[in-house]
Amino acid sequence: MLISLVIPVYNEAENISHLWERLKQAVAKVEDSQFEVVFVDDGSQDGTAECIRSLKPTDHLAWKIVEFSRNFGHQAAISAGMQYAQGEALIFLDADLQDPPELIAVFVEKFREGFDVVYGIRQNRKEPWWLRFCFSAFYRIFNAIAERPIPLDVGDFSLISRRVAKLIADMPERDRLIRGMRSWVGFKQFGIPYDRPERHAGTTSYSLSRRIEGALDGIFGFSKAPIRVALFSGLMVFVIGGAYLLTTLISALFFGGKELVHGWTSLITLGFMLGGANLIAIAIVGEYVCRIYFQTKSRPLFVVNKIEASTPSPTSIQ
């Protein structure tokens with residue numbers, strides 16, 4: 001059985017050689033299997049591709065490198081890996097060794113037991129407390145509003161079967177959250193907890209802005225709740241405005257307006273409330289329209305510059 005290890009890389013030259021050694025040790029524990037490592041180079045500029053080409057394949061572990069023409073993002077790199085991997089099962093992991101290769105054997109064992117999806121559940125993350133809080137909050141908010149929840153505290157570190165990979169790769173959407181799509185397809189799934197260590201070397205290229213963008217893609221791509229927030233916000237402002245108007249009329253008719261506070265305070269307050277509600281509604285609708293706009297362009301998720309493979313290269317048993 002051929003198993004593909006899909007590893008997106010972006011400026012990971014410091015980690016490649018150590019990662020390869022860990023992979024060789026990990027796959028040696030898996031019997032009756034061959035492995036190909038599909039490195040998807042997401043526009044690296046630090047010699048990552050050259051480091052990959054210098055790796056020496058073994059009888060059971062070969063590599064393939066898919067080079068993008070520029071940086072297209074982590075989710076696009078994973079999607080490319082699905083397209084170019086040939087294995088009966090695909091395992092996604094990061095090159096910084098925060099996803100321990102030693103779990104490969106456990107993932108494959110569960111796959112052989114009949115699970116189409118085996119995912120890692122992150123625990124004991126070695127990251128700043130505020131970042132851990134944001135991750136925890138995102139998963140819980142997402143599950144509260146999404147049409148299809150995802151397991152808590154999971155990432156892209158997972159194994160999926162060939163049929164699941166084909167289903168996800170064929171999905172036409174541009175703004176992708178792979179872990180959400182993986183949950184959406186269904187089939188038998190199993191979670192394995194693991195401790196997530198610090199990066200082996202280097203600094204992450206996954207900036208806070210990219211994390212926020214990914215979170216928004218997930219929320220707007222898997223939930224109708226934001227557009228309904230705009231609806232309820234408008235209704236709330238309408239009710240508050242109506243209540244204020246009713247109070248004003250009662251005061252004027254029955255109390256001679258003596259209880260009213262004369263001035264512009266109330267007018268300005270209502271103006272801000274109505275303006276704020278309108279801006280919120282427009283912004284939420286704009287998020288959906290923006291995604292529809294880019295989707296209708298039908299541009300490819302990524303552009304491949306070239307593909308190289310080591311020799312010998314394992315082949316799938318059909």
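Basis for what follows: all heavy atoms, side chains included, without hydrogens, waters or symmetry-related copies.
Residue E102 holds its CD atom at 6.0 Å from NZ of K29, rounded to the nearest 0.5 Å. The CG atom of L159 lies 12.5 Å from the NZ atom of K110; values are rounded to the nearest 0.5 Å. Note that CZ of F190 and CD of E113 are 7.5 Å apart. Values are rounded to the nearest 0.5 Å. Here CZ of F107 is found 13.0 Å from CG of L90. Values are rounded to the nearest 0.5 Å. To the nearest 0.5 Å, atoms CG (N305) and CG (D41) are separated by 9.5 Å. Here D96 contributes atom CG and E12 contributes atom CD; the two are 5.5 Å apart, rounded to the nearest 0.5 Å.
Side-chain contact between L93 and L103: absent, with no pair of heavy atoms (C-beta onward) separated by less than 4.5 Å. The shortest side-chain heavy-atom distance between V185 and I160 does not fall under the 4.5 Å cut-off.
Counting only distance, with no hydrogens or angles, the side chain of D46 and the backbone of A13 share a donor-acceptor pair below 3.5 Å. No donor-acceptor distance shorter than 3.5 angstrom exists from the side chain of E67 to the backbone of A49, with no hydrogens or angles considered. A donor-acceptor contact shorter than 3.5 Å links the side chain of K64 to the backbone of Y84. Judged by distance alone, the side chain of Q189 and the main-chain N or O of R182 form a donor-acceptor pair under 3.5 Å. For the pair S158 (side chain) and D156 (backbone), a donor-acceptor distance under 3.5 Å is present. Without hydrogens or angle criteria, Q75 side chain to I178 main chain gives a donor-acceptor distance under 3.5 Å. For W20 (side chain) and L55 (main-chain N/O), no donor-acceptor pair under 3.5 Å exists by modelled atom type. Checked by atom type and distance alone, the side chain of D99 pairs as donor or acceptor with a backbone atom of D94 at under 3.5 Å.
Of all heavy-atom pairs spanning A95 and V9, the tightest one is CB-CG1, 3.6 Å. Here the closest heavy-atom approach between residue F111 and residue S161 is recorded as CE1-CB, 3.8 Å. Nearest heavy atom pair, residue V6 against residue G81, reads CG1-CA, 3.6 Å. Closest non-hydrogen pair, R112 versus S33, comes out as NH2-OG, 2.6 Å. Between I104 and A26, the shortest heavy-atom distance links the atoms CD1-CB, 4.4 Å. Listed here is the closest heavy atom pair of N11 and Q45: OD1-N, 2.7 Å.
Under a 4.0 Å N-O distance rule, the pair E21/K24 qualifies as a salt bridge.
When each of R162, E88, E36 is paired with S4, the side-chain hydrogen bond (donor to acceptor under 3.5 Å, both in side chains) condition holds for E36 and for no other. Checked against W63 for a side-chain contact (heavy atoms from CB on, under 4.5 Å), the options I16, L5, I52 give a single hit: I52.
Ring geometry for Y194 versus F157: interplanar angle over 60°, hence perpendicular rather than tilted (30 to 60°).
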I7 vs L19, side chain to side chain contact (heavy atoms under 4.5 Å, CB included): CA-CA, chis, key distance, verdict: CA-CA 10 Å; I7 305 179; L19 170 66; 3.9 Å; yes
